[in-house]
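Read through the structure below, which is laid out as structure tokens, and then see the notes.
The figures here come from the full heavy-atom set of this structure, side chains too, leaving out hydrogens, waters and symmetry mates. These numbers were taken from a predicted model, which means no experiment stands behind them.
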Amino acid sequence: MLQFKSGQGLAIGLALGVCLWMLTGVFNEETPPEVTTKTSESLPEVQVRRVQAQPITRELVLSGHTEADKQVALTSELNAKVMSIAARQGEVIQAGSLILQLDPKDWPARLKEAQALEKQRELEYRSARDLRRKGLQNESQQVESLARLESARAQVIAAQHQVAASEIRAPFTGTFERKQVSVGDYVTQGAVMGQFVSIDPIVIKGAVPEANRHWLSKAKTAEIELVTGKTYPAEVRYLSTLANTETRTYPIEIIVTQPQASIPYGMTAKIRLKTSKVDAIFVTPSLLVLNKKGELGVKAVSQNQAVFVPATLIKAEQSGVWLDIRQPSIELIEVGAGFVEEGDPVKVKQSQITQHVSEPSSLAEPQLAQEAAQP
């Protein structure tokens, strides 16, 4: 009987074990990866609310300032002394009323003399014309008489102009502003003696961004809000078709009729322009996101997946914004949007908040804004 030493027996045992391992093909098999599947319990949960688009009036808010409808500088056409000032600064003056009186010097007397000469020349011309018809005077004498009459008429017109130039009158109904002369001052031809402005209607000037110019072509009405908080109905008077080359904006003019001249010029004002209606949804600003392309929108759910819905800002209010999403409704993610990306599967929890369907006033806080602000 063969006897093995202890070392030889251990070696033989290890060799047999290696052979058995190789025969089982362990070297040629890979351990299959552990397959894990996400269950509904492991998906991120989001709270959604079905939001229906509703028609609202498209609105654009611009910054502007008030200006006088008409403004002229009152200048002197004479070298003369200021004799009197009939109007007070800030006083509403009717068209044609006297504002300042300059020294007319001897022009009233010259006017009377010119008018008397004109009357004489007219009688001479009529006499010459009658004699010409009777054949008692030649044509050259009649023409000479007509020339003297025309010269006399020109002298009357010149004298009338000088007398009128001594009376500075209101060119239109407005207010006398920035008086620059006093009684007794001597003014020269072309000197500015004050400003005269008309603020009925008052003009509010602003600038429309080029991105919004196309949908303002039919805008006829507007609303003005002053820094005092007062609002006034207004009308679009002018919208330029020529852009400012530096700012790429289009000048616009809004007018407010004010018989009592209650709006001063030079005041900052907001211009609210309303045009056609558009279907939009109301959301709180915290739900707005930008996708990888930099597009503005919101996150929603479609077929249990998070999706990005591009949107166009229509108008902003104190409690939220109105967005054009170009579809009738979406399942808007109100809670959990920050934890999911576009395409992620989600677990949906439906919100119990319903949407108010009436359009709020452009100045009042909408009821929908209060609802959308709730989690």
Side-chain angles (χ1 to χ4, degrees), residues 35-62 209-216 272-375:
V35 179
T36 59
T37 58
K38 288 187 177 181
T39 63
S40 60
E41 288 77 9
S42 64
L43 294 177
E45 183 178 85
V46 294
Q47 181 174 303
V48 303
R49 175 169 60 91
R50 174 165 289 276
V51 181
Q52 298 283 346
Q54 55 181 300
I56 68 162
T57 303
R58 190 189 294 267
E59 182 181 87
L60 177 65
V61 180
L62 305 173
E210 59 182 354
N212 304 114
R213 172 63 177 81
H214 65 286
W215 57 265
L216 282 182
R272 287 188 171 89
L273 295 162
K274 297 180 180 180
T275 56
S276 58
K277 287 186 176 292
V278 63
D279 290 339
I281 64 171
F282 187 83
V283 301
T284 57
S286 60
L287 298 181
L288 297 176
V289 296
L290 295 175
N291 65 5
K292 295 180 180 179
K293 297 179 181 180
E295 298 172 329
L296 179 70
V298 293
K299 289 181 180 179
V301 171
S302 176
Q303 298 180 353
N304 293 324
Q305 282 190 335
V307 295
F308 174 80
V309 180
T312 302
L313 179 63
I314 300 302
K315 77 177 174 182
E317 296 184 359
Q318 191 174 14
S319 300
V321 292
W322 290 92
L323 302 174
D324 180 7
I325 57 172
R326 296 179 179 84
Q327 50 185 298
S329 65
I330 59 171
E331 296 286 344
L332 177 69
I333 299 179
E334 291 190 311
V335 179
F339 300 99
V340 295
E341 298 294 336
E342 184 177 2
D344 289 349
V346 294
K347 180 181 178 182
V348 176
K349 179 181 178 182
Q350 196 71 30
S351 172
Q352 300 302 315
I353 299 176
T354 58
Q355 184 180 22
H356 198 284
V357 296
S358 63
E359 180 184 357
S361 168
S362 61
L363 296 180
E365 181 176 335
Q367 297 181 18
L368 179 57
Q370 300 174 1
E371 296 173 352
Q374 300 178 11

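- Between the CD atom in Gln303 and the CD atom in Glu331 there is a gap of 12.0 Å [rounded to 0.5 Å].
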With side-chain contact (heavy atoms from CB on, under 4.5 Å) as the test, would you mind laying out the steps for Val298 and Ile330 before giving the verdict? CA-CA 10 Å; Val298 293; Ile330 59 171; 4.0 Å; yes

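- When all heavy atoms of Pro285 and Gly320 are compared, the pair lying nearest together is CD-CA, 3.8 Å.
- Side chains of Thr312 and Arg326 form a contact here, defined as non-hydrogen atoms less than 4.5 Å apart.
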Criterion side-chain contact (heavy atoms from CB on, under 4.5 Å) on Phe282 and Gln54, from CA distance to verdict: CA-CA 9 Å; Phe282 187 83; Gln54 55 181 300; 5.6 Å; no

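- Screening residues 291-301 for side chain to side chain donor-acceptor pair (under 3.5 Å) gives Asn291-Glu295 as the qualifying pairs, with residues at least two apart or on separate chains.
- Contact detail for Gln327 and Ala53: the closest heavy-atom pair is O-CB, 3.9 Å.
- Side-chain contact between Val348 and Asn304 is present, with at least one heavy-atom pair separated by less than 4.5 Å.
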Output, in order, the C-alpha distance, side-chain angles, deciding distance and verdict of side-chain contact (heavy atoms from CB on, under 4.5 Å) for Ile314 and Leu323. CA-CA 5 Å; Ile314 300 302; Leu323 302 174; 5.9 Å; no

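- The shortest distance between side-chain heavy atoms of Leu60 and Leu216 falls below 4.5 Å.
- Side-chain contact check for Ile281 versus Val51: some heavy-atom pair is nearer than 4.5 Å.
- Comment: Arg49 engages Glu334 in a salt bridge, judged by a side-chain N to carboxylate O separation of less than 4.0 angstrom.
- A donor and an acceptor atom, one from each side chain of Lys274 and Thr57, are nowhere located under 3.5 Å apart.
- Between Leu62 and Asn212, the closest side-chain pair of non-hydrogen atoms is not below 4.5 Å.
- Of all heavy-atom pairs spanning Val61 and Arg272, the tightest one is CG2-CG, 3.9 Å.
- With a 4.5 Å cut-off on side-chain heavy atoms, Val46 and Val340 count as touching.
- Residues passing the side chain to side chain contact (heavy atoms under 4.5 Å, CB included) test with Glu342, sequence neighbours excluded: Phe308.
- Residue Val309 comes nearest to Ala300 through the heavy atom pair CG2-CB, 3.8 Å, listed as atom of the first residue, atom of the second, then distance.
- Side-chain contact between Glu45 and Phe339 is absent, with no heavy-atom pair separated by less than 4.5 Å.
- Using a 4.5 Å cut-off on side-chain heavy atoms (C-beta onward), Val307 and Val301 make no contact.
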